[in-house]
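For reference, the structure discussed in these notes is given below.
Here, residue 1 is the first one in the sequence, and each next residue gets the next number.
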Amino acid sequence: MTVEVHSLGCRLNLAESESLRGMLGEADDLVVINSCAVTAEAVRQTRQAIRRARKARPDARLLVTGCAAEVEREALAAMPEVDGLIANTAKLDPRAWNVPLATRAPETRAHTRAFVQVQNGCDHACTFCVIPQGRGPSRSRSVTQVLDDVARHLDAGVQEVILTGVDLTSWGDDLPGEPRLGTLAEAILTRFPDLPRLRLSSIDGAEVDDLLFDLLASEARVMPHVHLSLQHGHDLILKRMKRRHSRADAVNLVAGLRARRPEIAIGADLIAGFPTEDDEAHAANLSIIEALGVVHGHVFPYSQRPGTPAARMPQVEHATIRARAAQLRAKVAETRASWLAAHLGLPLWVLAEKGGSGHAADFAPVRVPPGTPPGALVKVTPTRIVEGMLEA
């Protein structure tokens, strides 16, 4: 058996795992765990993945990379299942692996969508976050490098490109002239007029430049789907998190986008039970879901991470955190159900994926007609909702 890569965590990890599969494709009997450390639960899942992989392939060489390989280095290195760790900042450097490398380019699987990494690392210091420890400072890839990646994926038949990074909207800060993400998105759309879909992964609303705003609000090939790295709906908690936006900033951004593109779908990351969060702050967190119309919600129970300022703040009880996270998820589910119902009877262009499903432009999940090949763009007019998915 050759290389096997298991990816945990964010979309950037998924993109990097695809690159690793291509780069290490000719390595002999190698298992790679591309780990995550964003929460204590993510570290637990990483350890679980390591044990499962070792049980499945007891004779393989098992190497761990990713954020947990930095943040939890000593603990993971001590696991008997682990043969070695690869620094997260070096994992795409062929010299770090000491294995025979592939002579082919990385493949794009399923010929549907491709995650293209444009940036890595983070220069911010959110008080709850260990990702800068795992990823290092912000580093942007050049326009030429990104365009080359997009071209390769389009040659493989990809219909949708998703730009991703640790702090995506900080792209360009370290490049000559300090271009903004809108400049990169425009360059991709101009260079590849036949690219049907360009989508963004999570963005920081405080960093949205005017050109990027205009593209999100008016360019048909930029998908009407914005996922905000929001984290909370209460100003004092946002300040204690050391976020750079207020509740009003988020509300105004979404209102401005909706004024020009009413169909835009909003996603958001939300943390439940951040230290010092009282009932009033939790109520504000709940209410931001309806205020923004959040239909793609990623709710995280606060996880105390070692070495972070938030870990030294007064903590909320675990039972309260769990209950508040459940309330946030229920509120998102309520908002999402109404949003899905509003799609019924409307024709949607859907990008088909494996398993007979796909996503509309606003990332609504849709069941496609039987026999539709992955990568096809098909028109579907849903008439019902079955298990959270639109169906004709």
Side-chain angles (χ1 to χ4, degrees), residues 11 110-114 157-162 189 194-203 213-228 230 250-251 253-270 286-299 327-392:
R11 289 177 172 181
H111 303 300
T112 53
R113 60 167 51 88
V158 159
Q159 298 291 304
E160 178 176 301
V161 166
I162 304 166
L189 294 166
D194 294 331
L195 170 65
R197 293 182 167 199
L198 181 65
R199 194 183 299 274
L200 305 180
S201 61
S202 180
I203 63 173
F213 181 94
D214 287 339
L215 291 173
L216 287 167
S218 61
E219 169 54 57
R221 291 190 293 147
V222 176
M223 295 297 92
H225 169 216
V226 172
H227 192 93
L228 296 174
L230 183 65
V251 170
L253 173 64
V254 170
L257 289 169
R258 282 225 172 90
R260 294 178 55 184
R261 199 172 189 180
E263 74 273 22
I264 202 160
I266 303 300
D269 299 327
L270 289 167
L286 273 172
S287 68
I288 196 70
I289 294 169
E290 187 170 356
L292 300 182
V294 174
V295 296
H296 303 294
H298 292 172
V299 174
Q327 290 176 329
L328 290 170
R329 292 189 182 107
K331 187 63 177 178
V332 171
E334 177 185 322
T335 307
R336 183 177 175 86
S338 298
W339 172 72
L340 286 174
H343 289 75
L344 298 179
L346 301 178
L348 305 171
W349 281 103
V350 180
L351 178 59
E353 301 164 26
K354 288 183 177 179
S357 64
H359 285 89
D362 60 5
F363 216 60
V366 184
R367 186 72 64 189
V368 297
T372 303
L377 277 167
V378 295
K379 186 179 285 188
V380 178
T381 301
T383 59
R384 61 183 179 270
I385 302 170
V386 180
E387 295 181 349
M389 183 171 291
L390 296 166
E391 288 189 358

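- Arg197 is not listed as a side-chain neighbour of Gln159, based on a closest heavy-atom distance of 4.5 Å or more.
- For the pair Arg329 (side chain) and Val299 (backbone), a donor-acceptor distance under 3.5 Å is present.
- Distance CG/Asp269 to NE2/His296: 12.5 Å, rounded to 0.5 Å.
- Note that OG1 of Thr383 is 14.0 Å distant from NE2 of His343, once rounded to the nearest 0.5 Å.
- By the 6.0 Å contact criterion, CD on Glu263 is enclosed, its count of non-hydrogen atoms from other residues, nucleotides or ligands being greater than 12.
- Under the 6.0 Å cut-off for aromatic ring centres, His298 and His227 qualify, their centroids lying closer than that.
- Of the inter-residue distances, the one linking Leu216 atom CG with Ile203 atom CD1 reads 6.0 Å to the nearest 0.5 angstrom.
- When side chains are defined from C-beta on, Glu290 does not count as touching Glu334, because their heavy atoms never get closer than 4.5 Å.
- Residue Leu292 holds its CG atom at 6.0 Å from CG of Leu230, rounded to the nearest 0.5 Å.
- Residue Leu228 holds its CG atom at 6.0 Å from CG of Leu253, rounded to the nearest 0.5 Å.
- Residue Ile162 comes nearest to Arg11 through the heavy atom pair CG2-NH1, 4.3 Å, listed as atom of the first residue, atom of the second, then distance.
- Looking at Ile289 and Leu270, their side chains come closer than 4.5 Å, going by heavy atoms from C-beta outward.
- In this view, Arg260 and Phe213, Asp214, Ala217, Ser218 satisfy the side chain to side chain contact (heavy atoms under 4.5 Å, CB included) rule, not counting sequence neighbours.
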Under 3.5 Å, which donor-acceptor pairs link side chains of residues 364-382 to any protein atom two or more places apart or in another chain?
residue, atom, partner, partner atom, Å
Arg367, NH1, Gly355, O, 3.4
Thr372, OG1, Pro369, O, 2.7

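- Rounded to the nearest 0.5 Å, atoms NE2 (His359) and CG (Leu348) are 12.5 Å apart.
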